[in-house]
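In what follows, a structure is listed as structure tokens, so that the remarks can point back to it.
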Amino acid sequence: MNTFNKEERLCSRKLIDLLFKDGSSFLLYPYRVSYLLTATSHQFPVQVVINVSKKRFKKAVDRNRIKRLTREAYRLQKQKDLYALIPESEKLLLLSVQFIGKKIYDYSFFEKKLSGVFKKLTTELQVKMTQENDQPS
RNA sequence: AAUGCAAGCCGUUCUAUCGCUGCAAUUUAAUUAUUGGAGAGGAAAGUCCGGGCAACGCAGAGCAUCUCGCUUCCUAACGGGAAGAGGACUGGGAUUGAACACCCAGGCUAUGGAAAGUGCCGCAGAAAGCAUACCGCCGAUGGCCUGAAAAGGCACAGGUAAGGUUGAAAACGUGAGGUAAGAGCUCACGAGUUUUGCCAGUGAUGGUAAGGCUGGUAAACCCCGGGAGUUGAAAGACCAAAUAGGCUAACGCAUGUAGGGCUGCUCGUCCGAUGUUAGUGGGUAGGUCGUUAGAGAUAAAUGGCGACAUUUAUAGUGGAUUAAUGAUAGAAUCCUUAUUUAUUGAGGAACAGAACCCGGCUUACAGGCUUGCAUUUUUU
RNA sequence: GGUUUCGUAGUUCAACGGAUAGAAUAGAAGUUUCCUAAACUUUAGAUAUGGGUUCGAUUCCCGUCGAGACCA
């Protein structure tokens, strides 16, 4: 299902603080992505926050448009690109997508870049998990 | 018909697919599922004013602080609006040798008081306000000299703001009298201002008669009159587990002492230290309410110059909270550009996004429509 | 969402309502030096913006634009 309702958004203030304090991040223009794996289980495997800086885009119309385009791209791609590649179902992935570009692009641009973000994210996660598995043993 | 100005209104539309947030009905263990219907603005913006609403405070009085300032009306209220009054300005007319005053039109106007007091008015200029007199004028009166006297001379005491240069501004302007020379010192005409009386007007004010006064500046201090308690939905109310211990009541201590509260201050006024017992239950994170039917909207009639008011009828209700109102495809409409002038291709869709709610103000705005006024051209 | 402060040369700061807005640095040109630095001389450069009050505004008043700070 290509849904995107409230359970898939990251709303808890505590979890957001935790994400920005302890999470790791990478940069893939025009996005800055932060992520953190937690042990709590949830209805959906990922909760996401989409973020546009008020300093870069002064007008609320521009900010709204970027957020809507990003959200649309996320909604349509998450099922096959993201959920399929995340291995463990008991864990919850906290995700933050910040837009740091200078201007507004077409929808196709957002679609392409977000799929790139998903690929990079999954590879990084796999590396992390193999490290965690190695350490205790 | 075109152009310009002013006012008002609108400010992309339709179809399909995939989604988001409320609402109603049915349904479910469960916002679980189905169906239906709804979902940004004229400025939602700036946060510049005024309110509603809420909490805190309040025996009461004064001071300070901030703010407003022609009149009448509208409004819940306003620093907003309507209609007027005055003012300087611009254009035209008339008058004249030329202008001012006068008449008409236009937009503008924070417009109480300079006759309570204080300050300031650089440079220039004699002087910027009780005129400390540079040039000039006079020297009547006093002084000195000549002379018998009449008179004349000197320019020493002094008098003088009419004339000169300066400046944004020069002691209200012009003319006459007056005088040694002069001076609103006096008179006539005129300018402004103010007090009183009469007339017109609800009133600001205007007209008129008499009296007084005459540099500017109050968006300098200030004076006069009106208004304002403070803080803002991150206000505030409710729900609920664990832990430190705040508050209330009674008794005791103490006897209104130290200290504290009451908007910034003062007067004034209220509470009032440690202990024991009993009761109640705060902060933090989360949720629900506050939260959307309102000083509402549209239309008609009536009243009013108008802002607006009254009555009747009609239609229906955005409500998110890391924050919904969207994306893609196609078609239509409009604009720009290139090729061509049948057309075809490419690009684009003004300003801008609710955050408790209203009334204003200010600012941004592609394009279109309506009305009024002005100018030009064409036709009759 | 609310409260509040401030805009002056490229930069950091001055300036009772009063001649042409000042200083330090940075820039440009020149002197000096074999060359550079230092030193010296000269020079260009600004009141955020639109109105108003006043004879006169960086300063006073009002409206825009922009930049900060604070309130959980």
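So that the names make sense, note that chain A is the first sequence line, chain B the second, and so on, each numbered from 1.
- Shown here is K120(A), whose NZ atom has more than 12 heavy atoms of other residues, nucleotides or ligands within 6.0 Å.
- Residue V117(A) is grouped with residue F109(A) when hydrophobic side chains (ILVMFWY) are merged at heavy-atom distances under 4.5 angstrom, including chains of intermediate members.
- Atom P of nucleotide C18(B) and atom CD of E111(A) are separated by 17 Å, given to the nearest angstrom.
- Nucleotide G264(B) forms a pair with C63(B), judged by Watson-Crick or G-U wobble geometry with both contacts under 3.5 Å.
- Cluster membership check: V48(A) shares its hydrophobic cluster with I66(A), using side-chain heavy-atom separations under 4.5 Å among Ile, Leu, Val, Met, Phe, Trp and Tyr.
- Y74(A) is not listed as a side-chain neighbour of F110(A), based on a closest heavy-atom distance of 4.5 Å or more.
- Side-chain contact between S24(A) and Y35(A) is present, with at least one heavy-atom pair separated by less than 4.5 Å.
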Which atoms of nucleotides 324-330 of chain B (N or O only) lie under 3.5 Å from a protein N or O atom, and what are those distances?
{"residue": "U325(B)", "atom": "OP1", "partner": "R71(A)", "partner atom": "NH2", "Å": "3.3"}
{"residue": "U325(B)", "atom": "OP2", "partner": "R68(A)", "partner atom": "NE", "Å": "2.9"}
{"residue": "U325(B)", "atom": "OP2", "partner": "R68(A)", "partner atom": "NH2", "Å": "3.3"}
{"residue": "U325(B)", "atom": "OP2", "partner": "R71(A)", "partner atom": "NH2", "Å": "3.3"}
{"residue": "G326(B)", "atom": "N2", "partner": "E72(A)", "partner atom": "OE2", "Å": "3.2"}
{"residue": "A327(B)", "atom": "OP1", "partner": "R65(A)", "partner atom": "NH1", "Å": "2.4"}

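- In this structure a side-chain-to-backbone donor-acceptor pair under 3.5 Å is missing from Q98(A) to V33(A).
- Figure legend. A127(B) is base-paired to no nucleotide; pairs are counted as Watson-Crick or G-U wobble with both atom distances under 3.5 Å.
- Figure legend. C18(B) is base-paired to G326(B); pairs are counted as Watson-Crick or G-U wobble with both atom distances under 3.5 Å.
- When every heavy atom of L28(A) is checked against every heavy atom of K113(A), the shortest pair comes out as CD2-O, 3.9 Å.
- Listed here is the closest heavy atom pair of Q77(A) and L114(A): NE2-CB, 4.3 Å.
- Separation of atoms OG1 (T123(A)) and CZ (F26(A)) is listed at 7.5 Å; rounding is to 0.5 Å.
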Please write out each protein N/O paired with an N/O of nucleotides 350-352 of chain B under 3.5 Å, distance rounded to 0.1 Å.
{"residue": "A352(B)", "atom": "OP1", "partner": "K59(A)", "partner atom": "NZ", "Å": "3.2"}
{"residue": "A352(B)", "atom": "OP2", "partner": "K59(A)", "partner atom": "NZ", "Å": "2.9"}

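- Nucleotides A55(B) and G50(C), compared at atom C1', are 43 Å apart to the nearest Å.
- To the nearest whole angstrom, the two P atoms, one in G56(C) and one in G122(B), are 15 Å apart.
- Look at the C1' atom in both G290(B) and A307(B): the space between them is 36 Å, to the nearest Å.
- The partner of G152(B) is C145(B), by the rule that a Watson-Crick or G-U pair needs both atom distances under 3.5 Å.
- Pairing for A346(B) is with U336(B), a Watson-Crick or G-U wobble pair whose two hydrogen-bonding atom distances lie under 3.5 Å.
- Base orientation of G316(B): anti, since the glycosidic angle falls outside 90° of 0.
- If you take atom P in C369(B) and the same atom in C334(B), they sit 12 Å apart, rounded to whole Å.
- Taking the C1' atoms as reference points, G206(B) lies 44 Å from C358(B), given to the whole Å.
- If you check U230(B) for Watson-Crick or wobble pairing at under 3.5 angstrom, you find it paired to A55(B).
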Each nucleotide N or O in nucleotides 12-17 of chain B that has a protein N or O under 3.5 Å away: list the pair and distance.
none

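- Taking a pair to require two hydrogen-bonding distances under 3.5 Å in either a Watson-Crick or a G-U wobble arrangement, G4(B) pairs with C373(B).
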* Base-pair map of RNA chain C as dot-bracket, where | denotes pairing with a different strand and pairs are Watson-Crick or G-U under 3.5 Å -> (((((((..((((....[...)))).(((((.......)))))....(((((..]....)))))))))))).

* Tell me, with the steps shown, if V49(A) and V97(A) meet side chain to side chain contact (heavy atoms under 4.5 Å, CB included). => CA-CA 6 Å; V49(A) 140; V97(A) 179; over 6 Å; no

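- In this structure, the separation between CD on E124(A) and CG on L121(A) is 7.5 Å, given to the nearest 0.5 Å.
- Look at A151(B): its glycosidic torsion is beyond 90° from 0, and that puts it in the anti range.
- Q47(A) is not listed as a side-chain neighbour of L95(A), based on a closest heavy-atom distance of 4.5 Å or more.
- Using Watson-Crick or G-U wobble geometry with both donor-acceptor distances under 3.5 Å, C137(B) finds its partner in G159(B).
- Glycosidic conformation of G93(B): anti, with the torsion beyond 90° of 0.
- Taking the ring-ring contact (aromatic ring centres under 6.0 Å, His included) definition, one finds that Y107(A) meets it with nothing, sequence neighbours left out.
- With sequence neighbours excluded, the residues forming a ring-ring contact (aromatic ring centres under 6.0 Å, His included) with Y31(A) are F99(A), listed by chain and number.
- Rounded to the nearest Å, the gap between the P atom of U263(B) and that of U230(B) is 12 Å.
- Of the residues near RNA chain B, I50(A) and D62(A), the one whose nearest nucleotide (by heavy atom distance) lies more toward the 5' end is I50(A).
- Distance check, rounded to the nearest 0.5 Å: OG1 of T70(A) to CD of E111(A) gives 12.0 Å.
- With values rounded to the nearest 0.5 angstrom, S96(A) atom OG is found 11.0 Å from L36(A) atom CG.
- Using a 90° window around 0 for the glycosidic torsion, A40(B) falls inside it and is classed as syn.
- By the rule that a glycosidic angle within 90° of 0 means syn, U292(B) counts as syn.
- Rounded to whole Å, the separation between the C1' atoms of A366(B) and G42(B) comes to 16 Å.
- Atom name P, nucleotides A140(B) and G159(B): the rounded distance is 15 Å, in whole Å.
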